[in-house]
*Asks:* 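The structure under discussion is supplied below as structure tokens; questions concerning it will follow.
Just so we're on the same page: letters track the sequence lines, and every chain starts at 1.
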Number of protein chains: 2
Amino acid sequence: MNGEKCTATGRRESRRQDRRETIVIAASRHFLDHGYSGTTMSAIAATLGGSKGTLWSYFPSKEELFTAVIDHASTAFRAQLSEILDLSGDLPTALRCFSLKLLEKVTSPDAIALNRLVTAEAGRFPEAGRIFFDRAPWQTVVLLAEFLSGVMERGQLRRDNPVEAAQTFMHLCVSRLQQQCLLGLIPEVTAGQREREVERAVPLFLRAYAPDGAGGRLSG
Amino acid sequence: MNGEKCTATGRRESRRQDRRETIVIAASRHFLDHGYSGTTMSAIAATLGGSKGTLWSYFPSKEELFTAVIDHASTAFRAQLSEILDLSGDLPTALRCFSLKLLEKVTSPDAIALNRLVTAEAGRFPEAGRIFFDRAPWQTVVLLAEFLSGVMERGQLRRDNPVEAAQTFMHLCVSRLQQQCLLGLIPEVTAGQREREVERAVPLFLRAYAPDGAGGRLSG
DNA sequence: TAATTACCGTACCATAGAGTACGATTTTCC
DNA sequence: GGAAAATCGTACTCTATGGTACGGTAATTA
């Protein structure tokens with residue numbers, strides 16, 4: 001059919017895919033835990049149990065393995081975010097629910113480590129930043145923007161660019177705690193901190209985007 | 001007087017201070033440009049022109065030099081921010097002026113590089129994150145919070161925790177473009193982008209913190 | 001079953017870079 | 001002017017690590 005021999009090349013090809021993913025996952029752990037230069041190919045090979053030759057037969061260089069890891073981790077991160085937006089209930093409840101889940105994901109140790117990793121290497125690996133952004137934050141923005149667009153349509157929020165509104169809301173929720181985590185000022189975020197942050201951000205957002213002429217009246 | 005021989009130890013001590021600063025500045029360039037592990041002590045020594053022994057006589061290890069660099073760069077960064085808050089004019093103007101200058105600083109290549117550096121190494125150098133935060137962002141928050149506190153006092157803004165309000169305002173202004181820069185999605189920020197961002201953030205902030213019962217009436 | 005392909009183990013290479021040693025030279029202090 | 005401290009230049013050690021080579025072995029395919 002294609003240039004390949006056949007689509008069902010059998011066990012060989014399938015095993016190769018599995019093995020590749022195993023390698024990427026093991027490598028992810030190392031890169032997330034120790035950063036780019038703190039990760040050694042030898043250590044990854046040791047974790048895998050196999051030999052170094054095998055590792056190099058899958059990824060001919062550390063760079064390629066790294067971008068594969070970013071790709072994989074970003075995709076995995078996005079997958080977790082799919083079921084985040086629950087449209088039932090009223091607007092403040094939906095926003096609170098959404099932002100709480102978002103905060104959980106974003107401040108998790110792995111997410112922080114991924115963010116650090118991508119940010120740190122964005123200079124050397126420009127495509128890593130792009131891959132991460134497209135897969136993780138941007139997907140979430142799009143999701144939320146669609147929701148907000150409908151809400152604006154129904155007059156529950158002032159009409160405005162829904163994508164910008166979505167970004168604003170996300171940064172309003174996330175930036176403060178995320179900064180603290182990224183700088184290592186707090187080792188781990190508690191549920192209480194997250195809730196407090198949500199209770200600060202959601203009302204602010206609702207005020208800022210209240211329909212014109214709504215005055216101080218805000219539901220929730 | 002103290003444990004030292006004298007306060008005016010003369011040229012020797014003064015030269016030593018100068019030399020130390022020269023080293024830190026040269027090292028800053030390297031660390032900001034190439035990250036922690038991408039920077040080599042030998043390269044710094046080469047830049048300085050002197051010998052490696054001299055470099056080690058000032059900083060006994062790469063780690064110590066690194067924290068000195070973070071300290072110095074953060075302090076320099078904060079110094080630039082001192083004259084940022086111009087209280088003349090009405091509230092929206094003051095906020096616009098402030099946020100525009102803040103954005104300029106924060107999205108400058110050096111600031112982005114510093115942020116990347118600190119974030120990346122915050123795991124290995126916990127104190128680096130702390131030093132940076134205390135010197136740079138926090139100082140700005142405190143400055144702005146004092147200003148906002150007065151504004152709230154005069155009833156121009158709704159009464160609320162001024163520190164949280166300051167942080168909210170700063171993240172509202174900065175987070176979007178800063179994220180783009182940190183991820184390497186845009187090489188350099190234009191004046192137009194900054195202005196657009198300010199025109200988005202300031203009205204949002206004013207709505208969110210409008211005095212109770214002020215309805216849709218906002219000055220500016 | 002025979003050929004191919006993947007994998008293992010291990011030893012190895014080349015380079016880089018942090019940190020040291022040391023004698024010669026300059027600068028500062030008294 | 002002479003002692004003391006700082007600096008210089010250079011050569012060196014030691015370790016880490018990305019990447020290679022290669023012969024033997026297990027799995028897959030035809």
*Asks:* Round to the nearest Å and state the distance from A:Gln17 atom CD to C:dA6 atom P.
*Replies:* 13 Å
*Asks:* A:Ile112 and A:Val106: which non-hydrogen atoms are nearest, and at how many Å?
*Replies:* CD1-O, 3.6 Å
*Asks:* Using atom CZ of A:Phe59 as one end and atom C1' of D:dT20 as the other, report the distance to the nearest whole Å.
*Replies:* 19 Å
*Asks:* In whole angstrom, give the distance that lies between atom CD of B:Glu13 and atom P of C:dC29.
*Replies:* 10 Å
*Asks:* Take atom CZ of A:Arg20 and atom P of C:dA6, then tell me their distance rounded to the nearest Å.
*Replies:* 15 Å
*Asks:* Among A:Val151, A:Val202, A:Val198, which residue satisfies the side-chain contact (heavy atoms from CB on, under 4.5 Å) criterion with A:Leu95?
*Replies:* A:Val202
*Asks:* For a side-chain contact (heavy atoms from CB on, under 4.5 Å) check, start with the C-alpha distance between B:Arg135 and B:Phe77, then their side-chain angles and the critical distance, and finish with the verdict.
*Replies:* CA-CA 8 Å; B:Arg135 296 247 199 296; B:Phe77 191 78; over 6 Å; no
*Asks:* Find the distance A:Met41:CE to C:dC12:P and express it as a whole number of Å.
*Replies:* 22 Å
*Asks:* At a cut-off of 3.5 Å, list every protein nitrogen or oxygen paired with a nitrogen or oxygen from nucleotides 6-12 of chain D, distance to 0.1 Å.
*Replies:*
residue: D:dT7; atom: OP1; partner: B:Tyr58; partner atom: OH; Å: 2.8
residue: D:dT7; atom: OP2; partner: B:Tyr58; partner atom: OH; Å: 3.4
residue: D:dC8; atom: OP1; partner: B:Arg19; partner atom: NH2; Å: 3.4
residue: D:dC8; atom: OP2; partner: B:Arg19; partner atom: NH2; Å: 3.0
residue: D:dC8; atom: OP2; partner: B:Thr54; partner atom: OG1; Å: 3.2
residue: D:dG9; atom: OP2; partner: B:Gly49; partner atom: O; Å: 3.3
residue: D:dG9; atom: N7; partner: B:Ser51; partner atom: OG; Å: 3.3

*Asks:* Does A:Phe31 have A:Lys62 sitting over its ring (NZ/CZ under 6.0 Å from centre, angle to axis within 45°)?
*Replies:* no
*Asks:* Nearest whole Å is fine: how far is C:dG9 C1' from A:Trp56 CH2?
*Replies:* 15 Å
*Asks:* Would you indicate what B:Thr39 reaches in the nucleic acid, counting non-hydrogen atoms under 4.0 angstrom: base, sugar-phosphate, or nothing?
*Replies:* sugar-phosphate
*Asks:* How are the rings of A:Phe66 and A:Phe125 set to each other: parallel, tilted or perpendicular (split at 30° and 60°)?
*Replies:* tilted
*Asks:* B:Tyr58 ring centre to B:Arg16 NZ or CZ under 6.0 Å, with the angle to the axis within 45°?
*Replies:* yes
*Asks:* What is the separation between atom CG on B:Asp18 and atom P on C:dT28, rounded to the nearest whole Å?
*Replies:* 11 Å
